[in-house]
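Accompanying notes for the structure given below.
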Amino acid sequence: MSAVSVSTKLSVPSAPWKPGVKPVPRRGLSRISEIKTRHTVVAVAAFLSRCFQGSRAAHKALPKGFEENGPQLFRRGLLLSTLAPSIAKAEHLASLTSEALKNAQGKVAVITGATSGVGLEAARVLAANGCDVYVAGRTLEKAQKAAADVAASATGQVFPMELNLASLDSVRRFASEWDSSIRRPVDILACNAGLALGQDQKEPLFTEDGFELTVGTNHLGHFLLANLMKKQLAPEARVVVTASSVHNPATGDPGKQATLGDLSGLGKFMVDGSSYDAGKAYKDSKLCNVLFTLEFARRLKREGSNITVNCFSPGLIPSKTFFRYQNEGFSSAFAFAAENILKIAETPQFGGDTLVFMALDPSLKQKTGCFYSAIPPGKHQFVEDTPSQEASNEIEA
């Protein structure tokens, strides 16, 4: 396999930022501020849901006083979003330091979902700082296009590879090709790819292996990949899993909450056997991600391995690629409101930085089985957080 041609010039990510302080412990945050920002997230989600679906339950979820001003803000946001879909600044993670970025030099990274969003931004940063990056995409064409983009500012080598996580055969072919042809120890395995179906999706979609598409892609494909690539990992490799705070019912996210029950529905509609709900399917997939992360970390630790496994939530990033299955009008209005009115969103650049932080920061060298999150929403901070009670259940894992 040949690498995409790369520049010999010293390159930097698309927008510079100044290194800042290390992440602060969660206890340093204002609990009142955290509750208020999460309440705001619930409010806007409930209001948008009511506008598009006429939900009485969402109507009841609105806080006192929101209904008076909410419609005016929303109508203004909807109008402006048609004229200027996004005016969000390319915020970066201040705590991603130059010291951490030096650790990219000479490393080998595999990033799933690296053709857009968080994965693409992380690939750019890693490759620009001397890491050899394997850009894994759902199709080879998408991977090649993204790899060319990444290579434009790279000082490391960039390789496109096909990896469709909705196909277990594709995952096996990827691992087989690595084992037989590439044979390079992997320093960073970023299980990042993901999808979320629209709320108007009333019937489940399935992977080619018969699993519900969201859980099949976001969790099962990565579960198999990590297990097949385990023997290819470097002695002190980092496995980084992109999860979400919505795996935890305590965040107050609207709609049905994440729970896996007795797994009786795995391979049917919903993991817990309940009726199909696209929003819950996404939350369940993120719960699976965190549950897997913590259990994989425990097992490797028992084996005496120095490989670490951690997961993170990059925050609310209302990108078109992630919301590609959502109603276009809903997505545009929500993105505009989240970014420019409520200011609770993060940018893809910030999200990419959070993945790079998990992959490189010295503070995580010996830490495993941890969950980090961008909280409070829209504040461009990234701290260690507490996984949900169910995600921490060793028996269920």
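We're numbering straight along the sequence, starting at 1. Quick caveat, the model's predicted, so the values are computed rather than measured. Reckoned from all heavy atoms, side chains included, excluding hydrogens, waters and symmetry mates.
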Which residues satisfy the salt bridge (Lys or Arg N to Asp or Glu O under 4.0 Å) test with Lys280, sequence neighbours excluded? Asp272, Asp284
Salt-bridged, Arg302 to Glu295, with N to O below 4.0 Å? yes
In plain terms, say whether Arg298 and Glu303 are close enough for a salt bridge, that is, a side-chain N and a carboxylate O under 4.0 Å apart. no
For a ring-ring contact (aromatic ring centres under 6.0 Å, His included) check, start with the C-alpha distance between Tyr276 and Phe269, then their side-chain angles and the critical distance, and finish with the verdict. CA-CA 6 Å; Tyr276 181 72; Phe269 297 163; 7.2 Å; no
Please determine whether a side-chain nitrogen of the Lys or Arg among Arg238 and Asp187 lies less than 4.0 Å from a carboxylate oxygen of the Asp or Glu. no
Please determine whether ring-ring contact (aromatic ring centres under 6.0 Å, His included) holds for the pair Phe357 and Phe382, giving the CA-CA distance in whole Å, both sets of side-chain angles, and the decisive distance to 0.1 Å. CA-CA 9 Å; Phe357 178 93; Phe382 192 57; 5.7 Å; yes
Can you name the salt bridge (Lys or Arg N to Asp or Glu O under 4.0 Å) partners of Lys145, sequence neighbours left out? none
Report, as yes or no, whether the 6.0 Å neighbourhood of atom CD on Glu141 holds more than 12 heavy atoms from other residues, nucleotides or ligands. no
Ion pair present between Glu162 and Arg138, side-chain N to carboxylate O less than 4.0 angstrom? no
Can you confirm whether the side chains of Ser170 and Asn164 place a donor and an acceptor under 3.5 Å from each other? no
Any side-chain donor-acceptor pair under 3.5 Å between Thr214 and Glu212? yes
Whether Gln257 side chain and Gly255 backbone form a donor-acceptor pair below 3.5 Å: yes
Does the Asn310 side chain pair with the main chain of Cys370, one donor and one acceptor, at a distance under 3.5 Å? yes
Once the angle between the rings of Phe371 and His247 is folded into 0 to 90°, is it parallel (under 30°), tilted (30 to 60°) or perpendicular (over 60°)? perpendicular
